[in-house]
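Structure record follows, encoded as structure tokens.
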Amino acid sequence: MKLSGPYDPKKVEDKIYKLWEDSGFFNPLRLTAQGKLKRKKAFTIIMPPANANGNLHAGHALVMTIEDIMTRYKRMRGFKALWLPGLDHAGFETQVVYEKKLEKEGRSRFKMSPEELYKEILQFTLENKRNIEGQIKKMGASTDWSREKFTLDPEIIKIVYGTFEKLFDDGLVYRGKKIINWCVKHQTSLSDLETKDTEKIDKLYYLKYGPFIIATARPETKFGDKYVVMHPKDLRYADFKNGQKINLEWINGPVEAIIVKDEAIDMEFGTGVMTITPWHDAVDFGIAEKHHLQKEQVIDFYGKLLPIAGEFEGMKILEARQKIIEKLKIKGLVEKIEENYTHTVKTCYKCESVIEPQIKEQWFLKMKPLADPVIKLIEKNRITFIPEHYKKISLHWLKNIIDWPLSRQIVWGIPIPAKICATCQRAIVDIEGNKYTCVKCQGILKKDTDTFDTWFSSGQWPFATLKASQNKKDFKNFYPTDVMETAGEIIFFWVARMMMLSLYVTKKLPFKTVYLHGLVLDAKGQKMSKSKGNVINPLEITEKYGTDALRMGLVMGNTPGQSLALNEDKIKGYKNFANKIWNASKFVMMNLDDYNPNAKIFLNATQKKHLKELQKLTKECTKLMDEFKFYYAAEKIYHYFWHSFCDKIIEDSKVWLANDTLRQSTQYMLLEILLQSLKMLHPFMPFITEEIYQQLPIKDKKKSLMIENWTK
RNA sequence: GGACGAUUAGCUCAAUUGGCAGAGCGACUGAUUUACACUCAGUAGGUUGCAGGUUCGAGUCCUGCAUCGUCCACCA
């Protein structure tokens with residue numbers, strides 16, 4: 001008797017994972033060489049590249065579980081199954097993590113050379129990469145490690161550069177002097193997706209501006225304001241004409257202001273008049289562009305006032321704000337101050353410091369020409385969204401898309417292969433790095449020191465990974481991929497951009513189905529966060545209850561798109577289930593000593609009925625698996641195994657086994673049900689099912705349960 | 001302001017698309033050398049958020065409302 005005692009995952013998991021890896025069956029090409037099965041059709045999932053900057057968290061564990069279930073199921077169904085693993089350098093995210101580490105050590109990135117910083121983060125990332133690879137294996141992921149890709153692999157960078165050049169040649173990528181979101185702490189620009197709105201209570205100042213009263217929450221930006229804007233239909237200001245000049249007394253003395261009429265003004269807000277600061281406000285920038293107005297920088301990139309502020313030069317925003325108001329009060333220019341003015345401001349999604357809009361020359365990607373063809377294909381249902389409502393969400397975003405700022409002023413990332421003429425500011429792509437003088441003005445070309453937004457490289461992941469493969473036919477064989485499974489949270493960040501960039505480069509949508517899962521929450525349904533101290537570490541859970549139990553806990557009751565509350569009691573329940581499987585298998589095998597697999601079998605009516613029920617269950621489960629209803633299939637098989645097989649069938653069989661005429665058919669029936677159950681359980685609980693399978697006395701046994709045929 | 005989702009047993013969620021409201025966890029009652037106490041047999045627990053409508057039949061479809069959550073836009 002090989003199965004003894006209670007099930008102990010620690011004795012099984014590492015050994016079984018090694019058996020799988022050594023078998024080579026994670027590699028779809030090795031798979032095709034096995035057995036009679038032809039495996040003509042491919043099934044491909046590209047793993048969302050995990051950020052190589054920390055440990056595996058509950059969200060990753062969910063990704064690994066769901067994608068492994070899909071892959072194992074399809075592999076057993078006879079597909080040439082490829083699940084391609086990857087890791088992400090995760091530009092900004094990783095740099096932020098590393099900066100926090102530096103802060104703790106009392107160091108600062110601003111005191112390091114870019115080369116020094118890059119080298120340190122690279123080492124940090126490579127260490128974490130190894131770490132997280134081990135953790136992915138711990139989850140039982142049947143990914144093809146021979147095809148693993150990292151976003152900084154030279155072959156990947158080459159492809160990313162190729163796309164950038166193609167976009168440049170097609171006029172879709174351009175250098176623009178536009179307003180961007182600037183994080184003063186991190187010293188980089190951010191896309192709109194990388195900012196979040198935070199509600200703040202500030203003061204709203206009503207200031208006398210010549211004949212007008214203007215309301216502002218940011219007096220410190222007002223030095224450069226020489227345009228006063230009102231709605232053309234506002235009768236209160238009908239006497240003032242567009243372009244009219246007026247002289248007035250302002251913070252640092254007399255200024256000449258120009259009247260501008262624009263529909264962007266809300267007549268209801270404040271006094272219906274405002275002055276604009278095009279350099280530091282997106283709406284103001286829009287107005288200034290429309291009317292060709294001058295723009296002046298008032299605040300520098302460190303959040304300090306520039307010489308234009310006169311005596312306030314060099315002061316930080318909040319300090320200056322107070323002092324300016326004091327001065328304006330003395331000058332009698334403060335009409336009133338509204339306390340407790342609630343408004344929302346954009347903040348950096350990582351450090352929550354208030355975003356300072358700035359005008360900066362950057363690389364931008366024109367999105368509309370990329371989005372339009374994707375919109376058409378989505379509307380034609382050429383891609384399936386699970387759950388369905390993500391179709392609407394995606395379409396809405398794509399239809400209202402704005403240009404994407406690609407440049408980031410951080411060292412940790414893929415350098416933008418571009419040069420800028422020091423004389424005429426002309427920007428060119430230079431992948432080889434062998435262009436030195438401007439063809440237009442003979443000026444000296446300087447290398448762009450910015451890096452790409454990390455999503456620009458991961459946005460090319462489905463085709464880049466396959467094109468960069470050492471197996472030259474991979475792209476042809478496995479692209480477009482079948483399923484993209486990822487968090488609903490990053491539908492815009494990542495999924496939408498993958499669709500656009502992949503369609504642009506390969507002329508095909510990168511995947512047929514998008515499966516989006518929700519968040520993994522704590523037992524009380526709260527979002528996990530370090531500050532709340534409610535983070536569930538998946539590795540501690542596997543240590544305590546076994547990987548199979550964690551996987552069941554993550555998949556049971558988890559419908560697509562919906563967030564999942566994970567509690568330990570639930571996982572404990574599946575640990576018990578694993579033990580149940582173990583003991584039932586032990587019971588079956590205990591009674592097989594005299595079993596002859598080649599004997600002729602005569603089943604009685606009840607036994608036939610049991611096998612028929614099993615058949616029915618298999619059919620149902622197959623249908624549910626095909627419909628991506630893993631939570632439901634898992635529940636069915638769980639319930640069958642415990643409450644039909646164990647509680648009823650095994651109990652009945654105890655009498656039959658003691659009966660000479662029924663013994664053989666009972667043995668056959670038990671083994672058959674056990675084997676079929678193990679097959680159906682395998683995608684969900686791969687370790688324990690494989691361990692038991694290895695010990696079953698069956699005919700035509702495969703090297704691994706992984707490549708057994710799923711019975712339909 | 002716009003969109004999307006959720007609301008079902010004490011808790012976490014299902015209900016295979018309109019066909020007998022069901023699991024797990026928890027609670028309660030009982031069993032006891034068993035493949036398994038990481039067990040077994042059983043019990044309680046529901047006006048499916050509210051109000052209408054369609055239908056032979058509604059948790060499911062339609063209309064309105066409420067509450068919670070998420071996303072997007074705007075905010076001088």
Side-chain angles (χ1 to χ4, degrees), chain A residues 1 3-7 192-193 196-197 199-200 204-207 213-219 221-222 225 228-230 264-266 268-277 281-284 287 341-346 387-393 395-397 400 402 488-489 491-492 518-519 521 523-525 527 545-546 549 552-553 556-559 561-591 620-621 623-624 626-627 629 631-636 638-639 642-643 646-647 650-651 653-654 670:
Chain A
M1 178 48 50
L3 307 184
S4 62
Y7 174 60
D192 279 354
L193 291 176
K196 61 175 185 183
D197 292 342
E199 196 157 274
K200 273 192 76 183
L204 186 65
Y205 306 95
Y206 287 77
L207 307 177
I213 304 289
I214 57 162
T216 182
R218 299 202 59 190
T221 64
K222 295 288 145 199
D225 291 13
V228 53
V229 194
M230 60 212 70
I265 299 298
D266 178 1
E268 308 288 315
F269 189 94
T271 55
V273 184
M274 69 172 191
T275 60
I276 57 165
T277 315
D281 185 281
V283 174
D284 295 1
I287 294 171
Y341 167 65
T342 312
H343 63 154
T344 49
V345 292
K346 274 189 184 179
E388 226 174 329
H389 71 263
Y390 273 103
K391 179 182 164 179
K392 271 191 199 170
I393 294 173
L395 279 174
H396 183 260
W397 189 74
N400 296 289
I402 55 167
E489 265 188 319
I491 179 113
F492 306 139
L519 295 172
L521 306 172
K524 290 176 196 149
K527 202 166 170 173
Y545 305 104
M552 280 297 268
M556 288 279 261
N558 190 353
T559 45
Q562 222 56 40
S563 49
L564 172 83
L566 188 64
N567 67 18
E568 259 193 70
D569 279 347
K570 188 174 166 187
I571 294 159
K572 204 168 129 194
Y574 298 121
K575 178 188 186 249
N576 294 352
F577 180 53
N579 198 48
K580 193 74 183 172
I581 298 171
W582 188 255
N583 281 301
S585 306
K586 192 187 336 182
F587 175 83
V588 173
M589 284 196 267
M590 236 167 73
N591 289 289
E620 282 173 348
C621 281
K623 187 169 171 252
L624 292 169
D626 286 336
E627 291 170 348
K629 291 178 181 168
Y631 59 99
Y632 207 2
E635 195 191 306
K636 288 253 179 208
Y638 170 93
H639 201 254
W642 199 318
H643 300 294
C646 294
D647 291 350
I650 286 185
E651 288 310 314
S653 71
K654 284 178 183 170
L670 289 175

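Chain naming here is simple, since letters A, B, ... match the order of the sequence lines and numbering starts at 1 in each.
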**Request:** Figure out the NE2/P separation between A/His639 and B/U16, and round it to whole Å.
**Result:** 17 Å
**Request:** In whole angstrom, give me the gap between the P atoms of B/C56 and B/A15.
**Result:** 27 Å
**Syn or anti for B/U17 (syn when the glycosidic angle lies within 90° of 0)** = syn
**Message:** For the P atoms, the ones on B/G64 and on B/C4, what distance do you get once it is rounded to whole angstrom?
**Reply:** 12 Å
**Prompt:** Which part of the nucleic acid does A/Tyr341 contact within heavy-atom distance under 4.0 Å: base, sugar-phosphate only, or nothing?
**Reply:** sugar-phosphate
**Separation of the P atoms in B/C20 and B/C65, to the nearest angstrom** = 32 Å
**Asked** Between A/His389 (NE2) and B/C4 (P), how many Å, whole number?
**Response** 10 Å
**Message:** Taking B/G46 as the reference, what is the distance to B/A3 when you measure between their P atoms (whole Å, please)?
**Reply:** 38 Å
**Prompt:** Do the non-hydrogen side-chain atoms of A/Leu395 and A/Lys392 ever get within less than 4.5 Å of each other?
**Reply:** no
**Fill in**
A/Cys646 and A/Lys580 have their tightest heavy-atom pair at CB-CE, 3.7 Å
**Asked** Is any side-chain heavy atom of A/Thr275 closer than 4.5 Å to a side-chain heavy atom of A/Asp284?
**Response** no
**Message:** Between A/Lys636 and A/Tyr638, is there a side-chain heavy-atom distance shorter than 4.5 Å?
**Reply:** no
**Asked** Counting any heavy atom closer than 4.0 Å, what does A/Ile393 reach on the DNA or RNA strands: base, sugar-phosphate only, or nothing?
**Response** sugar-phosphate
**Prompt:** Mapping A/Pro6 and A/Ala264 to their closest nucleotides on RNA chain B, which lands nearer the 5' end?
**Reply:** A/Pro6
**Prompt:** With a 4.0 Å cut-off on heavy atoms, is A/Lys654 in touch with a base, just the backbone sugar-phosphate, or nothing at all?
**Reply:** base
**Fill in**
Rounded to whole Å, CD1 of A/Ile650 lies from P of B/A35 at a distance of 10 Å
**Message:** Does the structure show a Watson-Crick or G-U wobble partner for B/G52, both distances under 3.5 Å? Name it, or say none.
**Reply:** B/C62
**Asked** With both distances under 3.5 angstrom, what nucleotide forms a Watson-Crick or G-U wobble pair with B/U12?
**Response** B/A23
**Asked** With both distances under 3.5 angstrom, what nucleotide forms a Watson-Crick or G-U wobble pair with B/G30?
**Response** B/C40
**Asked** Contact class for A/Leu204 vs. all strands (heavy atom < 4.0 Å): base, sugar-phosphate, or nothing?
**Response** sugar-phosphate
**Asked** Counting side-chain heavy atoms from C-beta on, which of B/C25, B/A35, B/C71 comes nearest to A/Asn583?
**Response** B/A35
**Atom pair distance, as rounded to whole Å: NZ in A/Lys346 and P in B/C74** = 7 Å
**Message:** Suppose you measure atom C1' in B/U54 against the same atom in B/C72; what distance do you get, rounded to whole Å?
**Reply:** 34 Å
**Asked** Does a side-chain N or O from A/Lys580 land closer than 4.0 Å to OP1 or OP2 of B/U39, or not?
**Response** no
**Prompt:** Does A/Lys654 make a cation-pi contact with A/Phe587, if we ask for NZ or CZ under 6.0 Å from the ring centre and within 45° of the axis?
**Reply:** yes
**Request:** Quickly work out the A/Leu624 CG to B/U16 P distance and round it to whole Å.
**Result:** 10 Å
**Request:** Would you indicate whether the side-chain heavy atoms of A/Asn576 and A/Trp642 approach each other to under 4.5 Å?
**Result:** yes
**Message:** Return the pairing partner of B/U47 with a 3.5 Å limit on both distances, Watson-Crick or G-U wobble; otherwise return none.
**Reply:** none
**Prompt:** Touch check for A/Ala578, heavy atoms < 4.0 angstrom, all strands: base, sugar-phosphate only, or nothing?
**Reply:** nothing
**Item:** Nucleotide nearest A/Asp647 (side chain, heavy atoms from C-beta), chosen from B/U39, B/U16, B/A41
**Value:** B/A41
**Message:** I want to check one thing: is the phosphate of B/U39, taken as OP1 and OP2, less than 4.0 Å away from some side-chain N or O of A/His643?
**Reply:** no
**Complete:** Applying the 3.5 Å cut-off to both distances, the Watson-Crick or G-U partner of B/U17 turns out to be none
**Prompt:** What integer number of Å spans the P atoms of B/G49 and B/A9?
**Reply:** 8 Å
**Asked** Taking the nucleotide of RNA chain B with the closest heavy atom to each, which residue, A/Ser585 or A/Gly272, is nearer the 5' end?
**Response** A/Ser585
**Complete:** Of B/C38, B/U16, B/C74, the nucleotide closest to the side chain of A/Lys636 is B/U16
**Request:** Measure from the side-chain heavy atoms of A/Trp642 and tell me the nearest of B/U16, B/C40, B/C72.
**Result:** B/C40
**Item:** Between B/A35 (P) and A/Lys586 (NZ): distance, integer Å
**Value:** 10 Å
**Asked** Looking only at atom P, what distance separates B/U8 and B/U48, rounded to whole Å?
**Response** 11 Å
**Message:** Counting primed atoms plus P, OP1 and OP2 as sugar-phosphate and everything else as base, spell out the protein contacts along nucleotides 10-15 of chain B at 4.0 Å heavy-atom distance: B, S or - for each nucleotide, 5' to 3'.
**Reply:** --SSSS
**Request:** Find the distance A/Lys527:NZ to B/C68:P and express it as a whole number of Å.
**Result:** 19 Å
**Message:** Between C1' on B/G1 and CG on A/Asp197, what's the gap in Å once rounded to a whole number?
**Reply:** 14 Å
**Message:** Counting distance alone, no hydrogens or angles: does the base of B/A3 have a donor or acceptor under 3.5 Å from a partner atom on the side chain of A/Lys392?
**Reply:** no
**Prompt:** Using the ring of each side chain (for Trp, its six-membered ring), is A/Trp582 parallel, tilted or perpendicular to A/Tyr7, with breaks at 30° and 60°?
**Reply:** tilted
**Request:** Give a yes or no on whether A/Lys572 atom NZ has more than 12 heavy-atom contacts from other residues, nucleotides or ligands under 6.0 Å away.
**Result:** no
**Message:** Need one value for A/Phe577: base, sugar-phosphate or nothing, where a base atom within 4.0 Å counts as base even if backbone is also close, heavy atoms only.
**Reply:** nothing
**Prompt:** What are the two closest non-hydrogen atoms of A/Val228 and A/Met230, and how far apart are they?
**Reply:** O-CE, 4.0 Å
**Item:** Contact check, side chains of A/Met274 and A/Thr216, non-hydrogen atoms, under 4.5 Å
**Value:** no
**Fill in**
With the side chain defined as heavy atoms from C-beta on, A/Asn576 is closest, among B/U16, B/A35, B/C38, to B/C38
**Asked** Are the side chains of A/Arg218 and A/Val345 in touch, meaning some heavy atoms are under 4.5 Å apart?
**Response** no
**Message:** Please report the distance separating the C1' of B/G5 from the corresponding atom of B/C13, rounded so that it comes out in whole Å.
**Reply:** 16 Å
**Message:** Need the pair for B/C4. Rule: Watson-Crick or G-U wobble, both distances under 3.5 Å, any strand; none if unpaired.
**Reply:** B/G69
